[in-house]
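The chains referred to below are lettered A, B, ... by the order of the sequence lines, with proteins before strands, and numbering in each begins at 1.
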Amino acid sequence: MATLLQTPRPGADADPAAPARTLRVRRHRRGDSAEGWDRYTAPVGPRTTVLDALTWVRAHLDASLNLRHSCLHASCGTCGMRVNGRDVLACVTRLEDLPPGEVSVEPLRNQPLVSDLVVDIESLYESLDGVRLPLVRTSEGAPGSTPAEGVGHLTRFEDCVECGLCVSACPIVASDPEYAGPAVLGAAWRLVAEPRDRDPEPAYALVDGEQGAWRCHLAFECNEVCPTDALPAEEIARLRGILLRHRVVRWLQRHARPEEVQP
Amino acid sequence: MSAGVTAKRGQVAREPDAATRGARARGDVGWGWAAQAATGAVVLVLVAVHMVAQHFILPEGLRDYAQVEAWLRQPIVAAVETVFLASVTAHALLGVRAVLLDLGPSPRVERALTAGLGVIGVATVLYGLWLTAVVTGLA
Amino acid sequence: MTPQTGRSAGPGVPRGDLPHRAGATGWFDTRHRHLGDWAFVVNRLSGLGLVAYLYLHLVILSQLARGPEAWGGFLAIATSPPVLLFDVLLLAGLLAHAFNGIRVTLLGLGLVASRQKALWVALMGMAVLIALAGASRILGVTS
């Protein structure tokens, strides 16, 4: 790999007179012991996103640049990266919205790095699968139906795209990988708040455990970076209120006289 | 390392059987935070009392030796100051513990940490009692 | 094109993923962070500072055990301007930590989670007012 700083080649998708932006991209190849930065200059238009520029770089300047994306419209959650130090989805981050000058592009933090801008998000997927989020049926929100009270709040977490931005932003996951982290705890709040046909007890075991909601220090950074308004930090805070009530109820059940315990 | 973390985190969520839950319930499942909040509430009241009583009602801002002696000889003052020292020490050391837990120590190190900080806390309160006894002439 | 050193995976070089964590320095890295993170950072730093002060204070109080003269010596130092300035800083740290503690307790019990920024601004406002009043008292402006 090499440092490249060159004028973009005029092509089908590049007007030679068009303005260009320089991206400073963090590079790490599997097996390498060190990381480094490469600079690339890509042509930009009014709506060019960071992801557009990176795919242009891949096509025209450096095919070795590894990145991951799929849908291009913020619904697949695979193109999360740190742009100018902020955790964002690259597909909806426009270069024109960024301050002039070089744009730094780094992989997400707090998740194992696979290569360049690609992190291993597998453990997040596995943990989220373990929570088994119940889904509100589409028909419940269909025109003409009467949605149950608070369903809008519940469906918010169904919009989570599992991008891992919140994990990258969390200052506690930064120092302790064992902590369950914002995405999983937010999903668990959803299950515990309204379990539907699911058994919430496994989720209690996770979120009321040593690595659960009590580890949160309420920095609320996960809320700030969440691209889908799932707002994990708020739900972790609410979850702790629920856990507290749950514990009080369980304690009362254990210590109340037998005839007072509801079957 | 990452593979181990993956398996561990996945396992917690996938197999929350009785054994797993029992194992997880042994450690700190929020009591550290609850104790921190409770001692914090006590400290909040007593630190205000301490500041006003020690510094703000005196024109000079501090008591001389004779005044300190007379002050501490009042049983209610000695009692409140002892409760204040105990709660503020507990709050401080619980805070140190919370910070250190964020570094992800092993369960063994975590237990040693809790025990060590407990010893420091007890020693701190004993020192306060000894000092009070010396100043008031009880020791 | 310039070759870079240390970038090639030769034979015997382990294929590892970099853990890629900020570590404990991530606690205090407030670049591009928001109010909630500032609350966390202020609380943690002021807390660690106050723990250090608690033990400093207890060590200073040992002068009481050495009798009236030793205590009198401390009193002379305690009312000197640099120490009074330190007292102002201490009071500010104490108030920041106390009012952050109210935030942490309320949010940690699941209360006012959706208004956490307004809560923090209000609490810090109160802390600043009390700190200013205390500072003027300590520095003798109003006494």
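- Within 6.0 Å of CH2 in C:Trp38 there are 12 or fewer heavy atoms belonging to other residues, nucleotides or ligands.
- In plain terms, the two heavy atoms of B:Tyr127 and C:Ser62 that are nearest each other are OH-CB, 3.2 Å.
- With chain C as partner, the option from B:Leu62, B:Val47, B:Asp64 having the largest number of non-hydrogen pairs under 4.5 angstrom is B:Asp64.
- When atom types are taken as modelled, the side chain of C:Trp71 and the backbone of B:Arg63 share a donor-acceptor pair closer than 3.5 angstrom.
- Note on C:Gly23, C:Gly101, C:Gly67: by heavy-atom pairs under 4.5 Å with chain B, the leading option is C:Gly67.
- The number of heavy-atom neighbours closer than 6.0 Å to CZ of C:Arg66, taken from other residues, nucleotides and ligands shown, is 12 or below.
- With a 4.5 Å cut-off on non-hydrogen atoms, C:Leu61 touches chain B through its backbone and its side chain both.
- Contacts between B:Ala98 and chain C at a heavy-atom distance below 4.5 Å involve the backbone alone (N, CA, C, O).
- Nearest approach of C:Trp27 to B:Asp102, heavy atoms of both residues: CZ2-CB, 3.4 Å.
- Atom NE2 of B:His55 and atom CD1 of C:Ile138 lie 8.5 Å apart (nearest 0.5 Å).
- Across all their heavy atoms, C:Ala65 and B:Trp130 have their closest contact at CB-CH2, 3.9 Å.
- The side-chain heavy atoms of C:Leu58 and B:Leu131, taken from C-beta on, include no pair separated by under 4.5 Å.
- For chain C, the nearby part of B:Val68 is the side chain; its heavy atoms alone come within less than 4.5 Å.
- For residues 88-134 of chain C, there are no ring-ring contact (aromatic ring centres under 6.0 Å, His included) pairs, not counting sequence neighbours.
- Summarising the geometry, atom OG1 belonging to C:Thr105 is positioned 9.0 Å from atom CG belonging to B:Leu44; distances are rounded to the nearest 0.5 Å.
- More than 12 heavy atoms of other residues, nucleotides or ligands shown are found within 6.0 angstrom of CD1 on B:Ile57.
- The parts of C:Leu109 that come within reach of chain B are both its backbone and its side chain, each placing non-hydrogen atoms under 4.5 angstrom from that chain.
- Annotation: residues 46-55 of chain C contacts chain B through C:Leu48, C:Val51, C:Leu54, C:Tyr55 [non-hydrogen atoms, separation under 4.5 Å].
- Heavy atoms of B:Ile120 lying under 4.5 Å from chain C belong to its backbone as well as its side chain.
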